[in-house]
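Please read the structure below before turning to the comments.
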There are 2 protein chains.
Amino acid sequence: MVKVTVLDKKDAQNCPIRDVLDRVGDKWSILIFCVLEDGAKRFNEIKRALGDITQRVLTSTLRKLETEGYLTREVFPTSPPKVIYELTARGRALLGLMMPVIEWAEMTHAEIKADRAQA
Amino acid sequence: MVKVTVLDKKDAQNCPIRDVLDRVGDKWSILIFCVLEDGAKRFNEIKRALGDITQRVLTSTLRKLETEGYLTREVFPTSPPKVIYELTARGRALLGLMMPVIEWAEMTHAEIKADRAQA
DNA sequence: CAGTATCCAAATTGATACTG
DNA sequence: CAGTATCAATTTGGATACTG
């Protein structure tokens, strides 16, 4: 029984649900978590796995997730450059909690599409 | 180990994660789920609980959630009109799965804010 | 009370070209 | 390879006024 605390515009950062979930509720974050599930990956590996994300958007999403402490970014100053991204304990914790939701989405997907068609 | 299926633009609806989660990943949906957690509520009750949402946005979000089968809308043709919204089994299922995530967000909130400050 | 109707601002995402 | 820099389009959300 979670209390939906404070929801005034000025206080959005004081509502944990808004402050935490809004930042991983964009179009790509959870997908990136899934891609990194089984270990660190390079920038272009992630990009290819996602298929249609642009470089600009991937870069800024990764930076945001790094700032929030969900993943680390390690640069190897070689030529050509190499950068790897890896989930932190916090990132793995959140992904672990999201996993049942993701699995439920996969299960319920067909049913939901059917409902939409009706309306 | 969830497979991040198909991520081409045209096929976004074939990726359950995108197709299901994107639609409850907006600014208000999960919050509305929380408000309706302990039973049906009227339009303005929900509005007051959320504090700063506008009528237009609340209406359209509720309509979307209804179309997706997460809640029902029941109209009482009285004067003044009365409309109540209530979570469906599907809505309760999703909220149940999101609950651990929400609780984790509440727990981790302070820590995350601290990390942000560093960066 | 529970909406619609307009209009508008801001945030998000995308396309494309360029670089150390 | 892993980005930046611009520019443009789209989407989302908000302000305000009006109505059965």
Side-chain angles (χ1 to χ4, degrees), chain A residues 7-13 15 17-19 21-32 35-36 40-68 71-86, chain B residues 7-13 15 17-19 21-32 35-36 40-68 71-86:
Chain A
L7 297 163
D8 290 298
K9 191 181 286 178
K10 308 284 176 49
D11 287 343
Q13 308 99 297
C15 173
I17 309 181
R18 296 180 74 169
D19 194 35
L21 298 192
D22 280 5
R23 312 212 184 194
V24 293
D26 61 86
K27 197 167 167 182
W28 301 106
S29 292
I30 296 295
L31 258 20
I32 291 172
V35 170
L36 293 179
K41 288 210 165 42
R42 301 179 61 170
F43 185 87
N44 273 340
E45 286 184 278
I46 301 172
K47 187 171 184 320
R48 271 191 300 275
L50 295 175
D52 65 332
I53 193 171
T54 62
Q55 278 181 322
R56 186 173 108 49
V57 173
L58 180 54
T59 301
S60 70
T61 306
L62 287 170
R63 290 284 200 283
K64 183 183 64 182
L65 295 177
E66 188 194 1
T67 306
E68 299 288 304
L71 50 80
T72 56
R73 173 174 184 269
E74 191 178 3
V75 182
F76 297 82
T78 54
S79 176
K82 173 173 165 177
V83 181
I84 64 167
Y85 294 90
E86 183 168 24
Chain B
L7 297 162
D8 291 299
K9 189 183 288 180
K10 309 285 180 45
D11 289 342
Q13 309 98 299
C15 173
I17 308 180
R18 298 180 71 171
D19 194 36
L21 299 192
D22 281 3
R23 313 211 184 196
V24 293
D26 60 86
K27 196 168 170 182
W28 302 105
S29 292
I30 295 295
L31 260 19
I32 291 172
V35 171
L36 293 179
K41 287 212 167 38
R42 299 180 63 170
F43 185 87
N44 273 339
E45 285 184 279
I46 301 172
K47 186 169 183 321
R48 272 190 301 274
L50 295 175
D52 65 332
I53 192 171
T54 62
Q55 279 181 321
R56 184 171 110 48
V57 172
L58 180 54
T59 302
S60 70
T61 306
L62 287 170
R63 289 285 199 283
K64 182 183 66 182
L65 295 177
E66 188 193 2
T67 306
E68 299 289 304
L71 50 80
T72 56
R73 175 174 183 269
E74 190 178 4
V75 183
F76 296 83
T78 54
S79 177
K82 175 175 165 177
V83 180
I84 63 169
Y85 294 89
E86 183 167 25

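Sequence lines set the chain letters: A, B, ... in the order given, protein chains first and strands last, and positions in each chain run from 1.
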Annotated protein contacts, base or backbone, on nucleotides 1-8 of chain C with a non-hydrogen cut-off under 4.0 Å, one of B, S, - each: BBBB-B--
If the condition is side-chain contact (heavy atoms from CB on, under 4.5 Å), which residues does [X] pass it with, not counting sequence neighbours?
X: A/Val57; result: A/Trp28, A/Ile53, A/Thr54, A/Thr61
X: A/Thr67; result: B/Arg116, B/Ala119
X: A/Ser79; result: none
X: A/Lys27; result: B/Arg18, B/Asp22

Paired and unpaired positions of DNA chain D as dot-bracket, Watson-Crick or G-U wobble under 3.5 Å, | denoting a partner strand: ||||||||||||||||||||
Under the side chain to side chain donor-acceptor pair (under 3.5 Å) test, residues paired with A/Arg23 that sit two or more places apart: A/Asp19, A/Glu68
Tell me the interatomic distance from [X], atom [atom1], to [N], atom [atom2], rounded to whole angstroms.
X: B/Asp22; N: D/dT10; atom1: CG; atom2: C1'; result: 15 Å
X: B/Ile53; N: D/dT12; atom1: CD1; atom2: C1'; result: 12 Å
X: B/Asp26; N: C/dA10; atom1: CG; atom2: C1'; result: 16 Å
X: B/Arg23; N: D/dT11; atom1: CZ; atom2: P; result: 13 Å

Worked verdict on B/Leu58 versus B/Leu62 for side-chain contact (heavy atoms from CB on, under 4.5 Å): CA-CA 6 Å; B/Leu58 180 54; B/Leu62 287 170; 3.8 Å; yes
Salt bridge (Lys or Arg N to Asp or Glu O under 4.0 Å) partners of B/Lys41, counting only residues at least two apart: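 So B/Lys41 forms a salt bridge (Lys or Arg N to Asp or Glu O under 4.0 Å) with B/Asp38.
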Inter- and intrachain pairs under salt bridge (Lys or Arg N to Asp or Glu O under 4.0 Å), touching residues 54-67 of chain B, at least two apart: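 Pairs touching residues 54-67 of chain B that pass the test: B/Asp26-B/Lys64.
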Sugar-phosphate, base or nothing in reach of A/Lys27, heavy atoms under 4.0 Å: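 Counting heavy atoms under 4.0 Å across all strands, the contact made by A/Lys27 is with sugar-phosphate only.
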